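Inspection log for the structure reproduced underneath, given as structure tokens.
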Amino acid sequence: MRWSQLFIPTLREVPAEAEVVSHQLLLRAGFIRQLGAGIYSYLPLARRTLQKIERIIREEMERIGAQEFYLPALHPAELWQETGRWTEMGDNMFRLKDRTGRELCLGMTHEEVFTSIARNELRSYRDLPQLWYQIQVKFRDEPRPKAGLLRVRQFTMKDSYSFDLDANGLEKSYRLHEQAYRRIFDRCGLEYTVVQAESGAMGGSESEEFMVRTDAGEDMVVSCACGYAANLERAVSCLVPITDDPAERSPELVHTPQQKTIQEVSEFLKVPKSRQIKSLVYVVESKPALILMRGDHQLNESKLSRAMETDQFRPATPDEIRDLFGADPGSLGPVGMQGKGVAIIADLSLQNRRNLICGANRDHYHLLNVTAGIDFTAAFYDLRRVEAADPCSCCGRPLDIFKALEVGHIFKLGYKYSRSMKATVLDPEGKEVPIIMGSYGIGLERIMAAAVELYHDEAGIVWPRSIAPFQVLITLLGTQENQKQLAKRIYDALNQMGIDCLLDDRDERPGVKFKDAELIGVPVRVTIGKKFEQGKVEIFCRSQRELREVDADEALLEIIRALGD
RNA sequence: CGGGGCGUGGCGCAGUUUGGUAGCGCGCACGGUUCGGGACCGUGAGGUCGGAGGUUCAAAUCCUCUCGCCCCGACCA
């Protein structure tokens, strides 16, 4: 393509609203424009990059035998009511009514629609397995869209769904997807980590996320050199053992005036935080619960959710706490709370601990010598948030925690949708059994944005070759006829070889062409200019920022070689 | 939803405290000189200052309401 005929509105300055690098560069390089909060238009360069991503995805999905569909984005409410997600999705779902008042929504994901096809058409175990996918627009009314393309309200997703007879089949479909995803992200040039994840509102058991490490991301990933990696929401770690005073003592009231926080009590009583009990009060499905953590630990609410088997909970208000405990936060504890209608649950780190310190449920007082299992009882769960440098539960080495962006997610759904929507087949014995399902998603624009986050410099974007909008840019500086002819020859030859090539034939000064070239990030640039008089052209590799002078006759060969580097 | 910030030509901003009828840089158009790292000179176009209402002789500026966008938090398949 000729630059003079392409719409590439580059910007010299960074638009004020762009904070993260990928947003700034994609705007400046003329890939995207914003239409509203979390709503973006994709201009020709972005289309080219996204189409390359799509193509890679299609090839890899076909490779595992998946079949492409194209389903509606507009869904009748009844479908979502069947699975309960019409309510469950809450305000995150865009809802609308048609002219007759019928309720509809814009699809956030397509389990319901794909399952509705499956239940109507799949009759026999002989029809299984099926791997179905599509590349579709999704709508989510995010409470807070942000960071350019990283969190938006309309985006493109490759979503696929597997339908199997049994758990073994699901395992197979799931692993096929894992492999396909690895190949997709490898081919897109991304560095990523596969982490154990929560399945959240998708339902289901096993789930892994494909994460790209970047500070622009919103997730926290815990990882270890041994290969262990998990989303912070479900990460586990070991604890350095603590030896308590073994003596058998009874709780002892101690005056702790104005000492409320763990820190204050620790200093006041000269006792380490790890020997205190942190008491948190939550309201879980409208019933009060006392949650006990070690003094120096943080509660992980995802783990609480799993332990309580509900996501309906919130911290109690100060008034509620006073009514229940007769004291304010800062002086709370489990002793004497048995049988008062307050559920007591505790983190595993408190199990078998002796002679600890907790609030006395009386303002300005704490209790010494509180022993788990004797002075209070509790249901124990893993509720602790992993901290950086905790020992890895697999190998004991210190864990690393970093921010990351989720670009893909695979789930074993199990029977959640097939049961609620009655998608069944007859098994070999002629018995009707529900289909077991998996679902798998990749965010296309996120791949594009993640690549920019990962690969850029002060001058602009440095695209991985596989998803660059063009692979080669011919920067024509000279105005002489023979230079133009050379440019044209190279351009035609590359096109004939199927190499995407952009010819900068604009009537612009060299400086402008060079700056724009680096901004849009094309991997290989050929400059035809003043060196041409000595029969030379220049080849510039964007990633290494390396300039090579080569004979004009060899230009084509050298370009191909540069692409291979 | 809570907290904070910002809306002034296409982009980046000043002007708002102290009301007096809108300015700078970039970009854009035309002419000329330039032409290897975002050129220079000259001329010019382009803004009901997010919107509505109010105060005032007079509002970008003060007051009320409202809309939009960004950031932090809450939330997040």
Side-chain angles (χ1 to χ4, degrees), chain A residues 9-20 23-24 27-28 30 33-40 80 83 85 88-94 105-112 138-148 150-153 155 157 159 161 197-204 207 209 216-220 231 233 301-302 305 311 313-315 405-406 408-411 413 416-417 439-443 458-460 475-480 483 504 506-519 525 527-533 536-538 540 545 547 549:
Chain A
T10 58
L11 261 27
R12 195 183 292 227
E13 286 173 292
V14 184
E17 74 269 12
E19 185 106 335
V20 300
H23 190 197
Q24 295 180 345
L27 281 169
R28 281 192 57 211
R33 287 294 182 261
Q34 183 170 19
L35 189 61
I39 313 175
Y40 287 85
W80 288 78
T83 59
R85 293 211 294 180
E88 199 181 330
M89 289 307 186
D91 289 337
N92 271 9
M93 186 182 245
F94 279 108
C105 67
L106 298 177
M108 315 175 62
T109 172
H110 281 73
E111 281 76 11
E112 280 81 357
K138 307 286 191 231
F139 296 90
R140 292 180 191 178
D141 193 0
E142 293 289 345
R144 187 148 97 81
K146 60 176 163 183
L150 300 185
R151 188 166 204 77
V152 292
R153 297 194 291 175
F155 60 99
M157 183 186 257
D159 48 324
Y161 304 85
E198 291 287 351
S199 40
M202 298 295 293
S207 146
E209 289 168 332
E218 298 183 283
D219 286 297
M220 298 300 288
N231 192 307
E233 290 175 348
E301 288 198 351
S302 299
S305 173
D311 55 2
F313 57 79
R314 57 167 176 86
L405 172 68
E406 178 189 347
H409 201 157
I410 56 179
F411 300 89
L413 294 177
K416 170 168 173 160
Y417 300 91
S439 103
Y440 318 89
I442 290 181
E458 325 70 50
T475 302
L476 175 60
L477 298 181
T479 49
Q480 297 159 28
Q483 295 188 22
D504 193 351
R506 292 176 300 168
D507 181 19
E508 285 289 354
R509 297 169 60 83
V512 173
K513 294 193 174 190
F514 290 141
K515 292 287 186 197
D516 276 346
E518 276 157 52
L519 185 56
R525 185 180 82 219
T527 309
I528 301 172
K530 66 183 181 192
K531 301 276 168 53
F532 183 72
E533 284 157 31
K536 303 279 191 188
V537 299
E538 289 162 341
F540 180 77
R545 302 194 61 88
L547 195 62
E549 232 171 74

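Proteins come first, then strands; the chains are lettered A, B, ... in the order of their sequence lines, and each starts at number 1. Keep in mind it's a predicted model, so treat the numbers as computed, not measured.
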Next item on the list: State, with a plain yes or no, whether a side-chain heavy atom of A:E218 is found less than 4.5 Å away from one of A:L150.
Entry: no
Any residue meeting side-chain contact (heavy atoms from CB on, under 4.5 Å) with [X], in chain and number order, not counting sequence neighbours:
X: A:K531; value: A:Q534, A:K536, A:E538, A:E549
X: A:E19; value: none
X: A:E17; value: A:P15, A:H23, A:L27, A:Q34
X: A:P315; value: A:Y282

Whole Å only: how far is the [atom1] atom of [X] from the [atom2] atom of [N]?
X: A:E142; N: B:C71; atom1: CD; atom2: P; answer: 13 Å
X: A:L476; N: B:G36; atom1: CG; atom2: P; answer: 13 Å
X: A:N92; N: B:A74; atom1: CG; atom2: P; answer: 16 Å
X: A:L547; N: B:G37; atom1: CG; atom2: C1'; answer: 12 Å
X: A:E218; N: B:C72; atom1: CD; atom2: P; answer: 9 Å
X: A:L477; N: B:G38; atom1: CG; atom2: C1'; answer: 14 Å
X: A:M93; N: B:C75; atom1: CE; atom2: C1'; answer: 17 Å
X: A:E19; N: B:G5; atom1: CD; atom2: C1'; answer: 11 Å

Can you name the residues that form a salt bridge (Lys or Arg N to Asp or Glu O under 4.0 Å) with [X], not counting sequence neighbours?
X: A:E518; answer: A:R525, A:R545
X: A:D219; answer: none
X: A:R12; answer: none
X: A:R28; answer: none

Find the partner of [N]: check Watson-Crick (N1-N3 plus N6-O4 or O6-N4) and G-U wobble (N1-O2, O6-N3) distances, both under 3.5 Å, and reply none if neither fits.
N: B:G2; result: B:C72
N: B:U16; result: none
N: B:U33; result: B:A39
N: B:C49; result: none
N: B:A59; result: none
N: B:C28; result: B:G44

Could you list all N or O pairs between the protein and nucleotides 26-28 of chain B that sit under 3.5 Å apart?
| from | atom 1 | to | atom 2 | distance (Å) |
| --- | --- | --- | --- | --- |
| B:G27 | OP1 | A:R12 | NH2 | 3.2 |

Roughly how far apart are [X] [atom1] and [Y] [atom2], rounded to 0.5 Å?
X: A:L35; Y: A:Y40; atom1: CG; atom2: OH; value: 10.5 Å
X: A:E209; Y: A:E233; atom1: CD; atom2: CD; value: 7.0 Å
X: A:T109; Y: A:M93; atom1: OG1; atom2: CE; value: 9.5 Å

Listed pairs, N/O of protein and of nucleotides 66-69 of chain B, under 3.5 Å:
| from | atom 1 | to | atom 2 | distance (Å) |
| --- | --- | --- | --- | --- |
| B:C69 | OP1 | A:A37 | N | 2.8 |
| B:C69 | O3' | A:Q34 | NE2 | 3.4 |

What does [X] touch in the nucleic acid at a heavy-atom separation under 4.0 angstrom: a base, only the sugar-phosphate, or nothing?
X: A:R314; value: nothing
X: A:D516; value: base
X: A:F155; value: base
X: A:P15; value: sugar-phosphate
X: A:A147; value: sugar-phosphate
X: A:R545; value: nothing
X: A:K146; value: sugar-phosphate

Next item on the list: Assess whether side chain to side chain contact (heavy atoms under 4.5 Å, CB included) is satisfied between A:Q480 and A:E533, documenting all intermediate values.
Entry: CA-CA 10 Å; A:Q480 297 159 28; A:E533 284 157 31; 4.0 Å; yes
Tell me which nucleotide among [options] gets nearest to the side chain of [X].
X: A:P510; options: B:C13, B:C72, B:C35; value: B:C35
X: A:K515; options: B:G38, B:C72, B:G36; value: B:G38
X: A:F514; options: B:G38, B:G37, B:A74; value: B:G37
X: A:E518; options: B:G38, B:C75, B:G37; value: B:G37

If you measure from the [atom1] atom in [N] to the same atom in [M], how many Å do you get, rounded?
N: B:C30; M: B:C69; atom1: C1'; answer: 36 Å
N: B:G12; M: B:A58; atom1: P; answer: 34 Å
N: B:C70; M: B:U56; atom1: C1'; answer: 34 Å
N: B:C57; M: B:G46; atom1: P; answer: 34 Å
N: B:G50; M: B:G38; atom1: P; answer: 35 Å
N: B:U16; M: B:U21; atom1: P; answer: 14 Å
N: B:G44; M: B:G51; atom1: C1'; answer: 31 Å
N: B:U18; M: B:C62; atom1: P; answer: 9 Å

Check: Ion pair present between A:E111 and A:K416, side-chain N to carboxylate O less than 4.0 angstrom?
Finding: no
Margin query: Need to verify one output field. Residue with the more 5' nearest nucleotide on RNA chain B, A:K531 or A:M108?
Written below: A:K531
Checklist line | Toward the 5' end of RNA chain B, by each residue's nearest nucleotide, A:L519 or A:M157 | finding: A:L519
Check: B:G3 base to A:R144 side chain: any donor-acceptor pair below 3.5 Å?
Finding: no
Under 3.5 Å, which N/O atoms of the protein pair with N/O atoms of nucleotides 31-34 of chain B?
| from | atom 1 | to | atom 2 | distance (Å) |
| --- | --- | --- | --- | --- |
| B:U34 | O2 | A:R509 | NH1 | 2.6 |

Check: What pairs with A:T83 under side chain to side chain donor-acceptor pair (under 3.5 Å), at least two apart in sequence or on another chain?
Finding: A:E112
